[in-house]
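So that the names make sense, note that chain A is the first sequence line, chain B the second, and so on, each numbered from 1.
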Number of protein chains: 2
Amino acid sequence: MSAIRERTACRAVTALNRLSSLADLSEASVRLIQDLSDLSSIPAGVELGSEREAALRPRFVLGGWAARVRWLPDGRRQILNFILPGESIGVCERPSPLSLATMVSLTPMQFIDAVPVQRALNSTDPTFADLRDAIHMAASLDEAFLLSQVLRLGRQTAYERLCHLLLELRDRLSMCGLGEETHFPLPLTQETLADATGLSIVHINRVLQQLRREGLVAVHGGRARLLQPELLRTIADYRKPLVSAEAPLRPLF
Amino acid sequence: MSAIRERTACRAVTALNRLSSLADLSEASVRLIQDLSDLSSIPAGVELGSEREAALRPRFVLGGWAARVRWLPDGRRQILNFILPGESIGVCERPSPLSLATMVSLTPMQFIDAVPVQRALNSTDPTFADLRDAIHMAASLDEAFLLSQVLRLGRQTAYERLCHLLLELRDRLSMCGLGEETHFPLPLTQETLADATGLSIVHINRVLQQLRREGLVAVHGGRARLLQPELLRTIADYRKPLVSAEAPLRPLF
DNA sequence: CGATCAGTTGAAGGCTATCAAAGACTGTGG
DNA sequence: CCACAGTCTTTGATAGCCTTCAACTGATCG
């Protein structure tokens, strides 16, 4: 919470918000991110990397939603996870010749090149130790969300899955300053929700109506409102991944 | 394939097999692994780390199977992924205060402490660059398998899921020298298979029988035989994650 | 204003779960 | 060596969640 408040007029606000909620960033780290300048953008529906392709160049998502996706030969599609504003692509990745999925933009997106951040990450410069911590934490969070996705798909009902997913999206968006406890942007079609939860479009529609009837959730016009967040948490057994500042963020050796 | 063949009488054979199939290890790296000596073992059914606990200390699995698991309050259980002989626990992990799941041993297991390897990983010693490559590749593979798990659970039928999982287990086991193209050890109960595939025990039983009737797969006495591996691949749309030696294993900067 | 796309609704059916109980297998102790 | 308990596997019957198919509405757009 130190240096970040001083200059909020930064293009990478979302990313900066997110990282500084993961570790207390120094002035130098904040400035490194603020000085990022190489912007780019794409429309909705673009494939950013095919399955066997080399890793994507590092960048932050400033705005817009994407998804990592896998297809089956007969057209079935599964969304592996979402990529939200403030999150990163190809940052902190292990150098890896195997690209693991295709990325698809679900809305128009804006990026900012993160090569300087990646460079700081690969260095051992103590100036950016906090930044490395934050990015490692972000990667751990990503993994935690992926594991939640497995639990949802494997052992939860359609009803529980949707509640669980909505709570996760709320928490992820609030990390970068988008959305609040009870409402947040949700620029997804029901088809996209279906592909993320492993359900059919029709069933997504019916479960959403049930949630609406029961006064739990209202999804309309690209936004979601959680009317009874606590009840939702119980229904879905949702647990926010703990980002505990107390726990030491240091390697073992 | 260089130094490894010379001394096969090594306790960490499985781990060494696996890593040297991921990168061409130098004499020094091979010796580092061969010199690991701190053995330990546990019986089946032991929980190794609870969900919110700190990361586990680094070690290699020499023998035995484990699973990472999450539970729901009403007793439903989902296996997130399997941990097989030759694979590692807590090696190459980001320093992370969030432990993401509970680990459970499914059979008696033997470990060997991997602290020296972890130390080489955290260093920048060029001697062990190849070893770092191999371990990074192993981590990428783990992620690829996790993504496959999502696809299985979200968009495949019970029949396809089982075929896909069996093919994955075959490939993972063959990497460390256990099992072959058409048969491999499978020390799992049907309940465990059910928890891994998100199905009920009864249904696993019926699908296994169907696969047997059709002459595709025979699972008996802790072993699996794939009678028509090619047909299975087609059914499950299984794709072995490419470990291409050609692709450069170097960071961008 | 036709066309396209997202959302909605109804009916029918299939895949998979649940319940219940009977066989097989394993290891133990007498 | 056998009885026995416990776990794993198998089988049948029933039910239900969710899918598929089909059609209709409403909105957006050139």
Side-chain angles (χ1 to χ4, degrees), chain A residues 43-45 65 67 72 74-79 104-108 152-165 185-213 217-224 235-236, chain B residues 43-45 65 72 74-79 104-108 152-165 185-214 217-224 235-236:
Chain A
W65 289 39
L72 288 172
D74 61 359
R76 281 175 289 179
R77 184 177 85 148
Q78 177 63 42
I79 289 182
V104 175
S105 61
L106 302 172
T107 70
R152 274 198 294 263
L153 295 175
R155 285 303 186 204
Q156 288 196 307
T157 66
Y159 191 74
E160 295 166 332
R161 275 183 228 181
L162 249 183
C163 297
H164 198 283
L165 177 61
L186 188 73
L188 303 179
T189 65
Q190 294 187 353
E191 180 176 14
T192 306
L193 284 173
D195 287 338
T197 52
L199 299 167
S200 68
I201 306 180
V202 173
H203 202 55
I204 283 285
N205 183 284
R206 291 183 169 131
V207 174
L208 281 176
Q209 286 178 60
Q210 185 184 354
L211 289 171
R212 170 126 194 81
R213 272 198 311 276
V217 177
V219 172
H220 261 309
R223 297 191 59 80
I235 289 170
Chain B
W65 290 40
L72 288 171
D74 63 358
R76 282 175 287 179
R77 184 177 85 148
Q78 177 63 44
I79 289 182
V104 176
S105 61
L106 302 172
T107 70
R152 274 196 296 261
L153 296 174
R155 286 303 186 203
Q156 287 195 308
T157 65
Y159 190 76
E160 294 165 334
R161 276 183 225 180
L162 249 182
C163 296
H164 197 286
L165 177 60
L186 187 75
L188 303 179
T189 66
Q190 295 187 353
E191 180 176 17
T192 306
L193 284 173
D195 287 338
T197 51
L199 300 167
S200 68
I201 306 181
V202 174
H203 202 55
I204 284 286
N205 183 283
R206 290 186 169 130
V207 174
L208 281 176
Q209 285 178 59
Q210 186 184 352
L211 289 171
R212 170 122 194 83
R213 271 199 311 277
E214 298 173 341
V217 177
V219 172
H220 262 309
R223 297 191 59 81
I235 290 170

Student: I need the minimum non-hydrogen distance between Tyr159(A) and Val207(A), along with the two atoms involved.
Tutor: CA-CG1, 3.9 Å
Student: On DNA chain C, reading 5' to 3', which nucleotide is the first and which the last to sit with an atom under 4.0 Å from a heavy atom of chain B, could you check?
Tutor: dT16(C) to dC19(C)
Student: Run the side-chain contact (heavy atoms from CB on, under 4.5 Å) test against Arg206(A) and tell me which residues pass, sequence neighbours left out.
Tutor: Val202(A)
Student: Sequence neighbours left out, what passes side-chain contact (heavy atoms from CB on, under 4.5 Å) with Pro108(B)? Give chain and number order.
Tutor: Ala44(B)
Student: So, using side-chain contact (heavy atoms from CB on, under 4.5 Å) as the criterion, who are the partners of Thr192(B) when residues are at least two apart?
Tutor: Arg77(B), Ile79(B), Phe82(B), Leu106(B), Leu188(B), Thr189(B)
Student: What heavy-atom pair brings Arg212(B) and Ala218(B) nearest, and what distance separates the two atoms?
Tutor: NH1-CB, 3.3 Å
Student: Taking atom C1' of dT9(D) as reference, at what distance in whole Å does atom CD of Gln210(B) sit?
Tutor: 18 Å
Student: So which of residues 155-163 of chain B are in contact with DNA chain C, with a heavy-atom cut-off of under 4.0 Å?
Tutor: Thr157(B), Ala158(B)
Student: By salt bridge (charged side-chain N to carboxylate O under 4.0 Å, His left out), which residues pair with Arg161(B), not counting sequence neighbours?
Tutor: none
Student: With axes from five pairs an end, tell me the bend angle of the helix from dC1(C)-dG30(D) to dG30(C)-dC1(D), nearest 10°.
Tutor: 40°
Student: Ignoring hydrogens, what is the shortest heavy-atom contact between Pro43(B) and Ser105(B)? Give both atom names and the distance.
Tutor: O-OG, 2.8 Å
Student: For DNA chain C, find the residues of residues 193-205 of chain A with a heavy-atom distance under 4.0 Å and give them by number; none if there aren't any.
Tutor: Val202(A), Asn205(A)
Student: Partners of Ile201(A) by side-chain contact (heavy atoms from CB on, under 4.5 Å), sequence neighbours excluded?
Tutor: Gln190(A), Glu191(A), Ala194(A)
Student: Rounded to the Å, how far apart are Arg206(A) CZ and dC17(D) P?
Tutor: 14 Å
Student: Between C1' on dA27(D) and CD on Gln190(A), what's the gap in Å once rounded to a whole number?
Tutor: 14 Å
Student: What is the distance from CG of Asp74(A) to C1' of dT19(D), rounded to the nearest Å?
Tutor: 14 Å
